[in-house]
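One structure is given below, encoded as structure tokens.
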Amino acid sequence: MHKAHPFHLVDISPWPILGSFSALIVMTGFVEWFHLFSANLLYIGFISMLLIMYQWWRDISREGTFQGLHTFSVTVGLRWGMILFITSEVFFFISFFWGFFHNSLTPNIELGLMWPPKGIQPFNPIQIPLLNTLILLTSGLTVTWAHHSLMENNYTQALRGLIFTVTLGLYFTMLQGYEYIEASFSISDAAYGSSFFMATGFHGIHVIIGTTFLLVCLIRHYLNHFSQTHHFGFEAAAWYWHFVDVVWLFLYISVYWWGGE
């Protein structure tokens, strides 16, 4: 059907409502896991959410790549949407830093008037945390390499850059998981444990999401979905990844290095 405007009026889709139901199942599954020690409903929720995510992303990729519905006006809206989303994420992490600095700068009597609280052995910042910092900084370089290669219409270099970035993201996640296993304190160990695991844990979740985002871009690039001038899906993933890098730098400096002394 002909339209006299450049905007995209989306077709009726089952994925938003089904995605909402799958999120409800996941949260209900968490409650069941915490109280009844059964994760069956949680697994069902995660599997249904993954299936819905795959099909929703497939439809959006089809709209932008094959149907030509992502016009310049539409991509401008998508860019602003991504900018506002990352802004909301910035304020999300500000709340964790606020709580951390509130407790660390003025530790109250329940914390023994000291930071870290007595009995907590913080991580050595020049071991795994420093390695993870180097890994994320390197991944920031490789994703920029992939982006510039894409803008220069260099398919092979962009593919290599994305492969390196996804690999480094997976490596970071593995090292952080090992760090959690080796931790001498838990999330229930005073405000330090809560601040540490909430801030680094949510950052870790964002790394997993960003790695998945870039993996989808890697697959799409392999299938020739991106061109020299039409690749906002990849650009959004790169923005998100740079945001994850910057948050980690603040986490490393404040939580691992300064707050662990």
Side-chain angles (χ1 to χ4, degrees), residues 78-101 104 122-152 154 157-180 183 195-221 226 231-260:
L78 292 173
R79 286 173 189 276
W80 275 109
M82 194 65 195
I83 289 168
L84 292 172
F85 169 67
I86 291 175
T87 303
S88 72
E89 293 281 270
V90 169
F91 281 96
F92 176 76
F93 277 100
I94 282 174
S95 65
F96 292 122
F97 285 109
W98 190 298
F100 175 80
F101 283 113
S104 59
F123 289 101
N124 187 337
I126 62 170
Q127 292 181 346
I128 289 179
L130 181 60
L131 176 58
N132 267 344
T133 303
L134 295 174
I135 288 168
L136 274 192
L137 289 176
T138 306
S139 71
L141 294 175
T142 56
V143 78
T144 305
W145 168 32
H147 189 199
H148 281 269
S149 299
L150 192 55
M151 290 191 292
E152 293 170 4
N154 191 328
Q157 292 291 318
L159 189 69
R160 288 174 182 169
L162 276 168
I163 290 171
F164 278 125
T165 309
V166 171
T167 304
L168 289 168
L170 292 171
Y171 187 30
F172 176 93
T173 303
M174 288 170 58
L175 283 174
Q176 191 170 32
Y178 174 76
E179 184 181 68
Y180 280 8
S195 298
F196 177 86
F197 282 104
M198 288 295 286
T200 61
F202 269 110
H203 177 268
I205 291 170
H206 282 72
V207 170
I208 293 169
I209 293 169
T211 305
T212 307
F213 203 170
L214 288 165
L215 179 60
V216 171
C217 290
L218 171 61
I219 295 167
R220 290 190 65 199
H221 178 64
F226 299 134
H231 55 262
F232 177 69
F234 170 76
E235 207 170 344
W239 290 358
Y240 188 83
W241 196 251
H242 288 308
F243 158 74
V244 167
D245 285 352
V246 171
V247 170
W248 176 258
L249 285 176
F250 280 103
L251 279 173
Y252 177 73
I253 293 168
S254 59
V255 176
Y256 285 98
W257 183 53
W258 179 82

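- The CD1 atom of Ile94 lies 5.0 Å from the CZ atom of Phe91; values are rounded to the nearest 0.5 Å.
- Surrounding OH of Tyr252 are more than 12 heavy atoms belonging to other residues, nucleotides or ligands, all under 6.0 Å away.
- Side chains of His203 and Phe96 form no contact here, defined as non-hydrogen atoms less than 4.5 Å apart.
- Looking at Phe101 and Trp258, their side chains come closer than 4.5 Å, going by heavy atoms from C-beta outward.
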* To do: Please assess Val143 against Phe164 for the test side chain to side chain contact (heavy atoms under 4.5 Å, CB included), listing each intermediate value before the final yes or no.
  => CA-CA 8 Å; Val143 78; Phe164 278 125; over 6 Å; no
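- With Trp239 as the partner, the ring pair (Phe, Tyr, Trp, His ring centres under 6.0 Å) test is satisfied by one option alone out of Phe213, Phe232, Phe234: Phe232.
- In this structure, OG in Ser88 is found 10.5 Å from CZ in Phe93, a value given to the nearest 0.5 Å.
- Taken from CD1 in Ile253 to CH2 in Trp248, the straight-line distance is 11.5 Å, to the nearest 0.5 Å.
- The CG atom of Leu78 sits 11.0 Å away from the CD1 atom of Ile83 when rounded to the nearest 0.5 Å.
- A distance of 9.5 Å separates CG of Leu141 from OG1 of Thr165, quoted to the nearest 0.5 Å.
- Taking CD of Glu89 as the start and OH of Tyr240 as the end, the distance is 5.0 Å to the nearest 0.5 Å.
- Here the side chains of Glu179 and Leu175 are not in contact, with every heavy-atom distance at 4.5 Å or above.
- Phe196 has its side chain out of reach of Pro122: every pair of non-hydrogen atoms, C-beta onward, lies at least 4.5 Å apart.
- A 6.0 Å sphere centred on CZ of Phe250 holds no more than 12 heavy atoms belonging to other residues, nucleotides or ligands.
- The minimum heavy-atom distance linking Gln176 with Gly204 is given by the pair OE1-CA, 3.4 Å.
- Within the 3.5 Å criterion, the main-chain N or O of Leu130 finds no donor-acceptor partner in the side chain of Tyr256.
- Contact detail for Trp241 and Gly140: the closest heavy-atom pair is NE1-N, 4.2 Å.
- Closest non-hydrogen pair, Ser149 versus Ala158, comes out as CB-N, 3.4 Å.
- Contact annotation: the side chain of Leu131 approaches that of Tyr171 to within less than 4.5 Å [non-hydrogen atoms, C-beta and beyond].
- For the pair Leu251 and Phe97, the minimum side-chain heavy-atom distance is below 4.5 Å.
- Of the residues listed (His147, His148, His221), the one engaging His231 in a ring pair (Phe, Tyr, Trp, His ring centres under 6.0 Å) is His147, and it is the only one.
- Checking side-chain atoms of Ser139 against main-chain N and O of Gly169 turns up no donor-acceptor pair under 3.5 Å.
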* Under the side chain to side chain contact (heavy atoms under 4.5 Å, CB included) rule, what do Thr133 and Leu249 come out as? Steps first, then yes or no, please. => CA-CA 7 Å; Thr133 303; Leu249 285 176; 3.9 Å; yes
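- You'll find the side chain of Phe123 stays beyond 4.5 Å of the side chain of Ile128, heavy atoms only.
- Under 3.5 Å, the side chains of Tyr180 and Thr200 contain a donor-acceptor pair of N or O atoms.
- Using a 4.5 Å cut-off on side-chain heavy atoms (C-beta onward), Phe172 and Thr211 make no contact.
- Each salt bridge (charged side-chain N to carboxylate O under 4.0 Å, His left out) pair with one or both residues in residues 231-259, not counting sequence neighbours, appears once here: Arg79-Glu235.
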* Check the pair Leu214 / Leu218 against side chain to side chain contact (heavy atoms under 4.5 Å, CB included), numbers first and verdict last. => CA-CA 6 Å; Leu214 288 165; Leu218 171 61; over 6 Å; no
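- The shortest non-hydrogen separation linking Cys217 to Gly233 is SG-O, 3.6 Å.
- The ring of Phe202 has its center closer than 6.0 angstrom to the ring center of Phe92.
- At most 12 non-hydrogen atoms from other residues, nucleotides or ligands lie less than 6.0 angstrom from CD1 of Ile126.
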